[in-house]
Amino acid sequence: MSSKHIVVQGATIKCDFSVEPKTDKLKVKSQSKHYANDKDGSEKLIATDKEIGQTLEKNTFGKCKKQPNGSGDFLVCQCVVQKWSNFYEKVTLSNKGKILTEDSKGTCPMGAPDCLSVVKHGQTGEPTSKQAKDNPNKDNPVNNTQKAMEKAEQNSAPVVE
């Protein structure tokens, strides 16, 4: 799994059968104990194969190609995730769930198996001062930001009251 990101709360999901290419955000409802990429442990819950049912923010991807309405248009999707595949098999969380990765696929009853896919895993990078010290090269954005802040502090005029 070293080259695959773990899917977390807020991951962006798409459906292959959406008429317009719309996405929705994953909501982790199956567990409230395990976090990734969240130093405060309050936002980025790890998604598992137990994220079944209406587990998206809007539970829709717009109009669904699998649901023609008979007049040349399509009905609006009402996504209900039935199951997940391609999850990470080697770890089981306390909810008995297997961790979803960016390669995981979901199945909706209207679409074909694996019609739902992960567009963005939901994790975000946060550079640390340790990374800046470990990588003291001038192109490192953490170093550039720190140097700019130090220079601004040195050049700022003192406040007079």
Side-chain angles (χ1 to χ4, degrees), residues 1-132 134-135 139-142 144-145:
M1 188 169 97
S2 62
S3 64
K4 301 297 172 198
H5 287 92
I6 292 172
V7 172
V8 297
Q9 172 98 0
T12 305
I13 309 295
K14 73 170 188 153
C15 178
D16 293 341
F17 299 105
S18 175
V19 172
E20 311 93 25
K22 291 192 174 189
T23 59
D24 203 351
K25 302 269 186 191
L26 183 67
K27 289 173 64 176
V28 174
K29 296 180 174 182
S30 69
Q31 61 93 12
S32 59
K33 192 175 184 179
H34 307 283
Y35 294 84
N37 184 229
D38 183 9
K39 65 180 179 174
D40 297 326
S42 61
E43 294 179 25
K44 305 280 185 169
L45 287 164
I46 296 173
T48 71
D49 66 327
K50 301 297 182 190
E51 310 313 324
I52 302 297
Q54 292 188 324
T55 187
L56 301 171
E57 283 183 4
K58 298 174 189 164
N59 294 306
T60 187
F61 296 101
K63 293 181 179 181
C64 176
K65 292 177 187 174
K66 290 287 193 173
Q67 298 185 78
N69 70 1
S71 63
D73 204 3
F74 299 93
L75 298 175
V76 174
C77 153
Q78 294 181 3
C79 184
V80 179
V81 180
Q82 287 187 312
K83 69 176 184 172
W84 290 95
S85 63
N86 299 337
F87 39 81
Y88 187 62
E89 296 274 356
K90 296 181 180 179
V91 174
T92 303
L93 299 184
S94 61
N95 68 344
K96 307 284 188 243
K98 300 291 187 180
I99 296 172
L100 298 183
T101 71
E102 58 192 322
D103 286 343
S104 295
K105 302 283 185 185
T107 298
C108 173
M110 291 297 164
D114 297 341
C115 62
L116 305 174
S117 57
V118 178
V119 177
K120 295 181 183 170
H121 48 72
Q123 294 193 50
T124 54
E126 291 184 28
T128 65
S129 57
K130 180 179 179 343
Q131 289 171 323
D134 291 349
N135 300 298
D139 296 327
N140 184 330
V142 175
N144 293 340
T145 303

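Since the structure is predicted, the reported quantities are computational estimates derived from the model, not experimental observations. Computed from heavy atoms alone, side chains included, the values below leave out hydrogens, waters and symmetry copies.
- The environment of CD in Q123 is crowded: more than 12 heavy-atom neighbours from other residues, nucleotides or ligands sit within 6.0 Å.
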Self-check item: Chi angles and distances behind the side-chain contact (heavy atoms from CB on, under 4.5 Å) call for I52, W84
Solution: CA-CA 8 Å; I52 302 297; W84 290 95; 4.0 Å; yes
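- For the side-chain hydrogen bond (donor to acceptor under 3.5 Å, both in side chains) test, residues two or more places apart in sequence or in another chain that qualify with N95 are S30, T48.
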Quiz item: Taking it one step at a time, do T55 and L26 satisfy side-chain contact (heavy atoms from CB on, under 4.5 Å)?
Solution: CA-CA 6 Å; T55 187; L26 183 67; 4.0 Å; yes
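- Here side chain to side chain donor-acceptor pair (under 3.5 Å) pairs that include residues 110-120, with residues two or more places apart or in two chains, are S85-D114.
- With contacts defined as side-chain heavy-atom distances shorter than 4.5 Å, the pair Q82/C108 does not qualify.
- We find the CG-OH distance between L100 and Y88 to be 14.0 Å, quoted to the nearest 0.5 Å.
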Quiz item: So I13 and V118, side-chain contact (heavy atoms from CB on, under 4.5 Å) or not? Walk me through it.
Solution: CA-CA 5 Å; I13 309 295; V118 178; 3.9 Å; yes
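- For the pair C15 and L116, the tightest heavy-atom approach, listed with the atom from each and the gap, is CB-CD2, 3.7 Å.
- At a threshold of 4.5 Å between non-hydrogen side-chain atoms, the residues T124 and N37 count as touching.
- Taking NZ of K29 as the reference point, atom CD of Q9 lies at 10.0 Å (rounded to 0.5 Å).
- The stretch residues 59-70 participates, sequence neighbours left out, in these side chain to side chain donor-acceptor pair (under 3.5 Å) pairs: K63-D73, N69-S71.
- With hydrogens and angles ignored, the 3.5 Å screen pairs no side-chain donor or acceptor of T101 with any backbone N or O of F87.
- When D16, L56, V19 are each tested for a side-chain contact (heavy atoms from CB on, under 4.5 Å) with F61, only one passes: L56.
- Legend: salt bridge (Lys or Arg N to Asp or Glu O under 4.0 Å) pairs involving residues 41-62, not counting sequence neighbours: none detected.
- Side-chain contact between F74 and C64: absent, with no pair of heavy atoms (C-beta onward) separated by less than 4.5 Å.
- Under the 4.5 Å side-chain criterion, counting only non-hydrogen atoms from C-beta, I46 is in contact with Q31.
- Within the 3.5 Å criterion, the main-chain N or O of H5 finds a donor-acceptor partner in the side chain of E102.
- Counting heavy atoms from C-beta outward, L93 and I99 have side chains that approach closer than 4.5 Å.
- Residues satisfying the side-chain hydrogen bond (donor to acceptor under 3.5 Å, both in side chains) criterion with T92, sequence neighbours excluded, are K98.
- Residues forming a side chain to side chain contact (heavy atoms under 4.5 Å, CB included) with S32 (at least two apart in sequence, or on another chain): none.
- Checked by atom type and distance alone, the side chain of E20 never pairs as donor or acceptor with a backbone atom of K22 at under 3.5 Å.
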Quiz prompt | Residues K25, T12; criterion side-chain contact (heavy atoms from CB on, under 4.5 Å); working and verdict | solution = CA-CA 5 Å; K25 302 269 186 191; T12 305; 3.5 Å; yes
